[in-house]
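Report on one structure; see the data block that follows.
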Amino acid sequence: MSSGTDKIVSSIMSEAQDKADKIIQDAQAEVDKINAKATKDADAEKNKILENGKKQSDMRYQQIISEAKMNARRAELEAKEDVIEAAFNKATEELSQKASSNDAQYTESLINMIKEAAIEIGGGELIVKVKDSDKGTVSGKLSAIAMDVTNDTGVQTTLTLGEPIDVIGGAVLITANGDIEVNNTIESRLDRNKKILRSEVASVLFNL
């Protein structure tokens, strides 16, 4: 992780620990108050009230501690969720920066995303939609991509640039008749893989 993400993790986990400590302290204070009242009542009513108050106090003590542990666990889980979401936001930000530059790795990925979507559709006469700044990047490569798709699918394929779309990067491909659409943008890929990525991120951040 970057130092920025480290700071986010440290800050959120520190806040979660403070919340958990406060919950336990409040619980103990209420327990002490119950015990004090039980003892006072017991002194006034002697053994009968003492026994009854002690039982009530013990029961309430266990209930409070159980609730405190549950709330502390919930605070911990919420903090971890915040950290994981921060990691996703950071990754999205870095992907956005890479996709906005003349990065050779992104260009290669963009070509592959167009090819993957075209093959998923099965080739044919297809319209390619990318963000406006990517149109110049892919316009001269569509013929070569179409040839690869034709070879892979066995279906004669043509790729034509359509209207630009507002995305971080990647492409949306649509058949000429509009019947089939494959969204292979960076956003859609993140959404599709978020469950798997979330588990991996949690494993890295928290050694789960």
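Only a predicted model underlies this, so the values are computations on that prediction, with no experimental measurement involved. By convention here, the first residue in the shown sequence is residue 1.
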Query raised in the report: Looking at Glu116 and Arg189, does any basic side-chain N land under 4.0 Å from a carboxylate oxygen?
Result: yes

Query raised in the report: Applying the 4.5 Å side-chain criterion to the ILVMFWY set and letting contacts propagate, would Ile119 and Val182 be lumped into a single cluster?
Result: yes

Query raised in the report: Rounded to the nearest 0.5 Å, how far does CD1 of Ile174 lie from OG1 of Thr160?
Result: 12.0 Å

Report task. Would you confirm whether Ser188, through its side chain, and Ile186, through its main-chain N or O, come within 3.5 Å as a donor-acceptor pair? Result -> no

**Report entry** Crowding at CD, Glu181 (>12 non-hydrogen neighbours, <6.0 Å)
**Finding:** yes

Query raised in the report: Mind checking whether Leu159 and Val138 sit in one hydrophobic cluster, side chains of I, L, V, M, F, W, Y counted as touching below 4.5 Å?
Result: yes

Report summary line: Ile121 and Thr175 have their tightest heavy-atom pair at CG2-CG2, 3.6 Å

Query raised in the report: Do any N or O atoms from the side chain of Glu187 and from the backbone of Ile168 form a donor-acceptor pair under 3.5 angstrom?
Result: yes

Requested in this report: Look at atom CG of Asp166 and say whether more than 12 heavy atoms of other residues, nucleotides or ligands are closer to it than 6.0 Å.
Outcome: no

Report summary line: Rounding to 0.5 Å, atoms NZ (Lys129) and OG1 (Thr185) come to a distance of 12.5 Å

Query - Hydrophobic cluster identity match, Val149 and Ile127, side-chain contacts under 4.5 Å - result: no

Query raised in the report: Is it true that Ile165 and Leu126 fall in one hydrophobic cluster, defined by side-chain heavy atoms closer than 4.5 Å?
Result: no

